[in-house]
Asks: 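One structure, as C-alpha cells, below. Some questions next.
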Amino acid sequence: MKFLVHELKELYRQNLFRQTQRLDGPQSPRTVIEGKECILLSSNNYLGLTEHPEVKETAKKAVESWGSGAGGSRLTTGNYALHEELEQEIAQFKKSAGAVLFGSGYAANLGIIQALAGRGDAIISDALNHASIIDGARLSRAEVKVYRHRDTGHLEEILAKSRDNRRRLIITDGVFSMDGDLAPLPEMVALAERYSAMLMVDDAHGTGVFGRRGAGIVEHYGLEDKIQVQMGTLSKALGSIGAYVTGTPELIDYLKNKARSFIFSTALPPAAVGAALAALRIVQRETEIRHKLWRNARYLRAKLIELGYNIPTYESPIIPIFIGDDEKTMRLALALRDGGVFAPGIRPPTVPRGTSRIRVTVMAVHTLEDLDQALLVFNRAGRQLNII
Ligand SMILES: *Cc1c(COP(=O)(O)O)cnc(C)c1O
C-alpha cells in the first residue's frame with residue numbers, strides 16, 4: 001500500500017494534512033487540549049448543555065432504566081418507548097405532524113436524500129452545503145445540480161432547466177456550518193412552489209439557537225407549514241448525538257420504509273436519547289441561556305471586527321475569520337493555540353479553495369472575561385503574523 005505514504009506526503013506538502021487534537025476535559029468554555037489549558041472557541045455545544053446537570057442526570061437515569069445499548073435497529077428490537085417520546089417532543093417543538101430519529105446527522109442526510117431522489121430526478125443543492133448532503137446526493141444516483149451559494153436567481157435558472165426531471169429536490173443548510181450565514185428560505189419556498197419542487201432544510205446549526213423559541217431556522221422565518229422536509233441534529237446545541245427528520249406522517253412512514261441508514265443501523269443508545277430529551281426541555285424552558293449565547297455572539301464578532309479581522313457582519317454564533325491562504329491560516333491557528341485559545345483552521349476540502357479561515361464559535365456559557373482574554377490573544381497573534 002505504497003500509495004498511503006505518497007498521498008500523506010502530498011497532503012503535508014499542500015498544508016492539508018489533518019490530525020485529531022485530544023481534549024483532556026469536557027466541552028466547557030475552558031478545557032484542556034493536548035495538555036494545555038485553552039479557551040474553547042470551536043464547539044457546536046452552543047448552549048453548553050453537554051455540561052448541564054439535568055442533561056447528565058437524565059442520561060444516567062436512561063441508562064439505569066433502559067441499559068447501555070438499543071440492541072438492534074428500530075424496525076427489529078431497538079424501538080424503545082424512550083425513542084418515541086423524543087420523536088413526539090421534537091415534532092411538537094418543530095410544530096410538525098411527525099418525526100423520526102436517525103443515528104447521526106450524517107446518516108440522516110444519506111438516508112433521507114437517497115430515499116427521496118433517484119435516477120431521473122434532480123437534486124438541486126447550494127454550493128456550500130454540508131458534506132453529508134453532498135454524499136447523500138451522490139448515493140441517490142439522481143442528477144446533482146449545484147447553485148451558487150444563496151443565489152436564488154441561479155437556483156431559479158436551474159429549476160427552469162429541470163422541468164424534464166421526474167422529481168426535483170432542493171436542499172440547503174439552514175445555517176451554513178462553516179460561514180454561519182442563513183439560507184434565503186422565504187424566496188426558496190416561493191421558488192419550490194412555483195416549480196413544484198420538494199424543499200429540504202438541514203437545521204443542524206439552527207436548532208436551539210435561532211427562532212423565538214429556539215426551534216430553529218424555520219421558526220426564525222415563520223415557515224413552519226411551508227418546509228416539507230426538515231432535518232436537524234441532536235449533536236450540536238442539544239449536546240448529544242443523533243438526528244431527526246420532521247414532516248407529515250406519510251413522510252415519516254416513507255422514510256422508515258425507504259431510508260437505508262434508518263433501516264440498517266442500530267437505534268440510538270438510551271443515554272443519548274435521554275440527554276437529548278432533557279436538552280430539548282431546557283431549550284424551551286430556560287430561554288435565558290439562548291439570550292446569553294446571542295449576547296456573547298454579538299460581542300465577540302463586534303470586537304474581532306474592531307481588531308481588524310476580515311469577518312462578515314451578519315448575526316450568527318458561527319464567526320468565520322477569513323484568511324485565504326492555507327498555510328497562514330494554520331499558522332494563526334497555531335499562534336492562537338500557543339496563546340491558550342482553541343479555534344481551528346478550516347481548509348479545503350471543507351471550504352472552497354482560497355477561503356481558508358479560522359472558524360470561531362461562541363457558547364452561552366462563555367463569560368465576558370473568557371471572551372476578553374481570548375481577544376487579547378487574537379490581537380497579539382494577528383499582529384505577529386501581519387494579518388491585522
Ligand atoms: C454537523 C452537521 C451534520 C452532521 O451531523 P452529525 O450529527 O455530526 O453527523 C449535517 N449537516 C450539517 C449542516 C452539519 O453542520
Side-chain angles (χ1 to χ4, degrees), residues 20 27 42-47 49-50 83 86 90 94 99-116 123 125-140 146 149-150 169-185 188 199-211 216-218 220 227 229-246 255 259-262 265-269 271-273 275-276 279-280 316-320 344 346 349-352 357 359-363:
T20 53
Q27 202 72 204
S42 64
S43 180
N44 299 323
N45 178 29
Y46 297 111
L47 302 174
L49 294 183
T50 64
H83 294 111
L86 178 57
I90 287 172
K94 294 277 181 176
V100 56
L101 296 173
F102 283 79
S104 73
Y106 189 93
N109 278 337
L110 256 54
I112 302 162
I113 297 169
Q114 156 264 316
L116 290 179
I123 290 174
S125 178
D126 188 288
L128 296 190
N129 274 345
H130 191 264
S132 55
I133 295 176
I134 297 169
D135 294 359
R138 282 186 190 146
L139 192 63
S140 74
V146 176
H149 179 50
R150 300 181 72 253
L169 173 61
I170 306 169
I171 312 179
T172 186
D173 281 18
V175 179
F176 287 87
S177 53
M178 293 300 135
D179 293 71
D181 51 348
L182 308 187
L185 285 190
M188 294 180 72
L199 177 56
M200 168 175 167
V201 176
D202 174 338
D203 201 32
H205 292 277
T207 301
V209 173
F210 283 84
I217 197 65
V218 173
H220 170 84
I227 306 290
V229 187
Q230 188 184 160
M231 71 75 71
T233 66
L234 309 174
S235 54
K236 283 157 183 160
L238 297 178
S240 182
I241 181 79
Y244 55 84
V245 184
T246 59
L255 290 176
R260 293 170 65 82
S261 60
F262 175 84
S265 194
T266 300
L268 282 170
V273 181
L280 194 59
S316 179
I318 301 172
I319 307 172
I346 310 281
T350 309
V351 294
R357 69 200 64 183
R359 176 182 182 266
V360 170
T361 55
V362 75
M363 297 188 281

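Counting starts at 1 for both ligands and their atoms, in listed order.
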Asks: Counting N and O atoms only, with roles assigned by atom type, does the side chain of Thr50 sit under 3.5 Å from a partner on the main chain of Gly239, one being a donor and the other an acceptor?
Replies: no
Asks: Between Gln27 and Ser43, is any side-chain donor less than 3.5 angstrom from a side-chain acceptor?
Replies: yes
Asks: For a distance cut-off of 3.5 Å, show me each N or O of ligand 1 paired with any protein N or O, plus the separation.
Replies:
unit_1	atom_1	unit_2	atom_2	d
ligand 1	7 (O)	Gly105	N	2.9
ligand 1	7 (O)	Ser235	OG	2.9
ligand 1	9 (O)	Gly105	N	3.1
ligand 1	9 (O)	Tyr106	N	2.9
ligand 1	11 (N)	Asp202	OD2	2.6
ligand 1	15 (O)	His205	NE2	2.7
ligand 1	15 (O)	Lys236	NZ	2.7

Asks: Would you name the heavy atoms of Ala107 and Phe102 that are closest together and state the gap between them?
Replies: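 Distance-wise, the nearest heavy atoms are O-CD2, 4.1 Å.
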Asks: Show me, pair by pair, the donor-acceptor contacts under 3.5 angstrom made by side chains of residues 170-182, not counting sequence neighbours?
Replies:
unit_1	atom_1	unit_2	atom_2	d
Asp173	OD1	His130	N	3.2
Asp179	OD1	Arg357	NH1	3.0
Asp179	OD2	Arg357	NH1	3.1
Asp181	OD2	His149	NE2	2.7

Asks: How long is the straight-line distance from OG of Ser140 back to CG of Leu169, given to the nearest 0.5 Å?
Replies: 8.5 Å
Asks: Using every non-hydrogen atom in the two residues, find where Asp203 and Gly216 come nearest and quote the distance to one decimal.
Replies: OD2-CA, 3.2 Å
